[in-house]
Protein chains: 2
Amino acid sequence: METSPPRRRDPVQARSRARVDAILDAADAVFLELGFAEATTNHVAARAQTSIGSLYRFFPDKDALLVALAERYGDRMRALASQLTPMDPEGATLRGLISDGIDGFSAFLLANPGFVTLIHEARHPALVAGRRHQEGQMAALIGGLSGKLAPHLSPEEVQILGEVAQAVLSALQTLAHLQADAASREATLNEAKLMMTLYLSRRLGVPEDVPLARLGGEHSGQNSGQRGA
Amino acid sequence: METSPPRRRDPVQARSRARVDAILDAADAVFLELGFAEATTNHVAARAQTSIGSLYRFFPDKDALLVALAERYGDRMRALASQLTPMDPEGATLRGLISDGIDGFSAFLLANPGFVTLIHEARHPALVAGRRHQEGQMAALIGGLSGKLAPHLSPEEVQILGEVAQAVLSALQTLAHLQADAASREATLNEAKLMMTLYLSRRLGVPEDVPLARLGGEHSGQNSGQRGA
DNA sequence: TCTTAACGTGAGCTTTTACTCACGTTTATT
DNA sequence: AATAAACGTGAGTAAAAGCTCACGTTAAGA
């Protein structure tokens, strides 16, 4: 019999929903500035222009802020993924797909600087499960595309390829966004594009610059498309 | 006039030097288990079978443990680097150099599991400077070799190439050592070798499987040695 | 309008943990 | 042997920060 009023509740009125959003925005900013460990819940509440009591009305503890932030970014990531799904996949080349994907994700990071911080905080126990899920989704996305382009790959090969691509992309995006100036950032992203193109072209057995539609018919295209430039 | 006895001092007797080592070993193990934030100095002292007072006699604060650990790993890394310097660089191929380097570093990580933890803790303010130095050294090492093999590259290109290679190697070694079984780990390392070989071969304009001695004489060897295997 | 429930507040309680210090013990020096 | 210096100890301190709670305010339902 839990007749006692619940200590924590979800917001039901409009003002409290807005407050929860403000608290998450504040947490995002404060974690970005100080990191999760150094940030205090009182600081987050102050930044959100609310009281510490209100924060704890909607979030059971400090970790819950991190988890809620991760979920919010998860939503945004899913939206990004569907937005980046090419409208004309058959007409695109492997190089073009990779380039668009990297540029799109880079724009996302530029617009969501707190996301990089969250990734760095990913060792936190409360986030581990969610992050594995997230990475798994991304790896599965890459793996799914790869499996389509290269049906001759075994599921194990597809899995490892997805994980490797995910790790490299994440590392190089992070490196790129450590650069302060846009020129250095773009140079780093170009290296990422080159590396992923070379790797996937080799592993999938797909040439870099041939529209993928041309390859749809033949199974396991064994064309080792090596070229000078 | 600082006639007052120093609060912290370096060990001068043998027993205290051994104690400092034990404290560092304990810190390494505890940070690996709990992470830096969750670990307590009392826990470290207990693991080292000493008292909290002794710990603070030799380390001014908790951060100093992290810094000292990083320095100790820095020494080990330098030893590894000189050990991995090939004895017959001219007879080796690009693919062979990369493979040996990745295998050597992997063995190092297997023998020093705390090092991976330390890398993850690298955002800590006390470590940032040291880590940049470390990464810079590795990037410079790669860049130095690259500049030798490809004198036509500009210093800026060499720099970015070193940073990119360092980031990718670090990410894939981390991914590999997340795998529990040796087979998965080796599969991931093989992908790392392939990716680095493809990338460096392209960027340096050096074929993958030709002994480097053959290329020493000609300046800026413009041989696009592309081959099927 | 009256009642109830959701919402908002911030002083302060409680727990945690980095760190100290006064005192005892071992090693070096004369 | 005597003195000093380095070393070792752990109960206790102090400050920080997560979190509570009793009370006041706003919105919803009858």
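Below, read A as the first sequence line, B as the second, and so on, with proteins coming before strands; counting in each chain starts at 1.
Rounded to whole Å, the distance from CD on A:E38 to P on D:dA17 is 8 Å. In this structure, the CZ atom of A:R19 is 8 Å from the C1' atom of C:dC7, given to the nearest Å. Rounded to a whole Å, the CZ atom of A:R9 is 7 Å from the C1' atom of C:dA5. Between B:F59 atom CZ and C:dT20 atom C1' the separation is 18 Å, expressed in whole Å. A:H43 places its NE2 atom 15 Å from the P atom of D:dA16, with the value rounded to the nearest Å. Counting to the nearest Å, the P atom of C:dA5 and the CG atom of A:D10 are 18 Å from each other.
Applying the side chain to side chain donor-acceptor pair (under 3.5 Å) test to B:S82 and every residue at least two apart in sequence or in another chain returns nothing. Residues satisfying the side chain to side chain donor-acceptor pair (under 3.5 Å) criterion with B:Q83, sequence neighbours excluded, are absent altogether. Considering only residues two or more places apart in sequence or on other chains, B:S51 meets the side chain to side chain contact (heavy atoms under 4.5 Å, CB included) condition with B:S54. Taking B:H177 as the reference, nothing meets the ring pair (Phe, Tyr, Trp, His ring centres under 6.0 Å) condition, with sequence neighbours excluded. For A:F108, the ring pair (Phe, Tyr, Trp, His ring centres under 6.0 Å) criterion is met by A:F115, not counting sequence neighbours.
When heavy atoms are screened at a 4.0 angstrom cut-off, A:F58 is found touching the sugar-phosphate backbone but no base atom. Among the protein residues, A:S16 comes within range of the sugar-phosphate backbone only, with heavy atoms under 4.0 Å from sugar or phosphate atoms but none that close to a base. Using a 4.0 Å heavy-atom cutoff across all strands shown, B:T40 reaches sugar-phosphate atoms only and no base atom.
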- request: Could you please spell out the steps behind the side-chain hydrogen bond (donor to acceptor under 3.5 Å, both in side chains) verdict for A:K193 and A:S99?
  value: CA-CA 6 Å; A:K193 293 175 185 176; A:S99 180; 3.2 Å; yes
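Ranked by how close their nearest DNA chain C nucleotide is to the 5' end, A:S54 and B:A39 are led by A:S54.
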Protein N or O to nucleotides 19-28 of chain D N or O, pairs below 3.5 Å:
residue : atom : partner : partner atom : Å
D:dC19  : OP2  : A:Y56   : OH           : 3.0
D:dC19  : OP2  : A:K62   : N            : 2.9
D:dT20  : OP1  : A:R8    : NH2          : 3.3
D:dT20  : OP2  : A:R8    : NH1          : 3.4
D:dT20  : OP2  : A:R8    : NH2          : 2.3
D:dC21  : OP2  : A:R7    : NH2          : 3.4

Can you name the atoms? Protein N/O to nucleotides 14-16 of chain C N/O, anything below 3.5 Å, with the distance.
none

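Of the listed residues (B:R19, B:R57, B:R17), just one forms a side-chain contact (heavy atoms from CB on, under 4.5 Å) with B:P11, and that residue is B:R17.
A heavy atom lying under 4.0 Å from DNA chain D marks none of the residues of residues 20-33 of chain B.
The shortest distance between the side-chain N/O atoms of A:T50 and the OP1/OP2 oxygens of C:dT9 is below 4.0 Å.
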Would you list the atom pairs, donor with acceptor, under 3.5 Å between side chains in residues 65-72 of chain A and any protein atom, with sequence neighbours excluded?
residue : atom : partner : partner atom : Å
A:R72   : NH1  : A:D25   : OD1          : 3.1
A:R72   : NH2  : A:D25   : OD1          : 2.9

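Within the structure, every pair that satisfies the salt bridge (charged side-chain N to carboxylate O under 4.0 Å, His left out) test and touches residues 35-50 of chain B, not counting sequence neighbours, is listed here: B:E33-B:R47. For residues 170-191 of chain A, every residue pair satisfying the salt bridge (charged side-chain N to carboxylate O under 4.0 Å, His left out) rule, not counting sequence neighbours, is listed here: A:E191-B:R203. Note on residues 14-40 of chain A: pairs passing ring pair (Phe, Tyr, Trp, His ring centres under 6.0 Å), not counting sequence neighbours, are A:F31-A:F36, A:F36-A:H124.
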